[in-house]
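Before anything else, here's the structure in question.
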Amino acid sequence: MFKTIRHALFCLVLTLGFATNPATADTNVAIVIHGGAGNIKAANLSPEQEARYKEKLQEARDRAYELLANGGKSIDAVILAITILEDSPLFNAGKGAVYNFEGEHDLDASIMEGKQQQAGAVAGVQTVKNPIKLARAVMEKSEHVFLSGRGAEAFAKQEQLELVDNRYFNTEGRYKSLQKAKKALLKTSWHEMDQNPEIDYKMGTVGAVALDKYGNIVAGTSTGGRTAKRFGRIGDSPVIGAGTWADNNSCGVSATGHGEYFIRFNVAADICARVKYQGLSIQEAADQVVRKELADINGSGGVIVLDSQGNVAYSYNSKGMYRAYKRNDTDQHVGIY
Ligand code: ASP
């Protein structure tokens, strides 16, 4: 009798355990976002600033999660999360984009879906309010994958996306960073400036990776690039494979950091290739690439990763990365350092 009760209790615990397992709850929908990696330290952020960043990350994450939990598609969740971050002056994308050397803003963005591995990307756009929406339009409405400059702008106009004057992207904080960078460049080389952990001229790129109830992974990234960048410079964010990647059979990745290194190491695709061909977990694969290979050559930055079971991983080799994820009401997180 006692044994039977014990057995029944054991079965109940097992059942409850499975019922609350995040991998099976909410048919696996999940969202993970970032707002850039870099030399972000508690000492450099006031409690009010920290609260503002966390609030905005939480808003983007929660609205995207709600959309997914209501049966929405991962592509719409990624666009929603990134648009919220692009519209905030806190991040180096859309409204808060950094200045190039000439004192203007050139924006890059990309998006990829993991079912058929369709992708869209734009580089060097100056008047598109939400470059991530243009990347989506390139993916869904053009026969191309990557448009740049004037052609991308003309396509945005054709697709009736919201256009703004380049001055819309002006913010005081980013302007000060440009002045600081220009001053530093009089005394030091680009390379030295990049290696100086006390200076950070590229922080705040945004990205999102989502998994919907249909099992599709979508990843997207949007950025203003790097402060004082040379006219025409394109970073990793709009480069499919480097800054953004999605494959339902392995994972989805959005990257942030020193773009030149991320392009050379094809970071986002390499992480998913390790998952696919070596059977690594997303955390192991991301750490190998970001904390070992990139760290070894001083390629600073980080990634967010999501797999088809809804597992989430962050990996960064910088001091901090603005980040958040949600898999269900009890499994969620917002962090900076
Ligand atoms: N990866 C971006 C670029 O190099 C910058 C960043 O993520 O902070 O353009």
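When a ligand or atom number is given, it counts from 1 through the structure's own listing order.
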Which ligand 1 atoms are under 4.0 Å away from a heavy-atom of Ser237? 1 (N), 2 (C)
Under 4.0 Å from one or more heavy atoms of Gly225, ligand 1 contributes atoms 5 (C), 9 (O)
Do Tyr99 and Tyr175 have their ring centres less than 6.0 Å from each other? yes
Check: Ala255 N/O within less than 3.5 Å of ligand 1 N/O: no
Taking only residues at least two apart or on different chains, which pairs with a member in residues 74-97 satisfy ring-ring contact (aromatic ring centres under 6.0 Å, His included)?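 Applying ring-ring contact (aromatic ring centres under 6.0 Å, His included) to every pair that reaches into residues 74-97, excluding sequence neighbours, yields Tyr53-Phe91.
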Tell me whether Thr256 has any N or O atom under 3.5 angstrom from an N or O of ligand 1. yes
Of all the heavy atoms in Gly36, does at least one lie under 4.0 Å from an atom in ligand 1? no
Is it the case that Asn248 and Ser308 place a side-chain donor and acceptor less than 3.5 Å from each other? no
Mind checking whether Arg233 has a heavy atom under 4.0 Å from ligand 1?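 Heavy atoms of Arg233 do come under 4.0 Å of ligand 1.
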Does an N or O from His258, backbone or side chain, lie closer than 3.5 Å to an N or O of ligand 1? no
Could you tell me whether Lys56 and Glu59 have a side-chain N and a carboxylate O separated by less than 4.0 Å? yes
Consider only side-chain N and O atoms of Thr221 and Ser237, and report whether a donor and an acceptor are under 3.5 Å apart.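 No, no side-chain donor-acceptor contact under 3.5 Å.
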Under the salt bridge (charged side-chain N to carboxylate O under 4.0 Å, His left out) rule, what pairs show up with a residue in residues 228-245, not counting sequence neighbours? Arg233-Glu260
Using the benzene-type ring in the case of Trp, are the ring centres of His144 and Phe155 under 6.0 Å apart? no
Looking at ligand 1, does any of its N/O atoms fall within less than 3.5 Å of an N/O of Asp236? yes
Any N or O of Gly259 that comes nearer than 3.5 Å to an N or O of ligand 1? yes
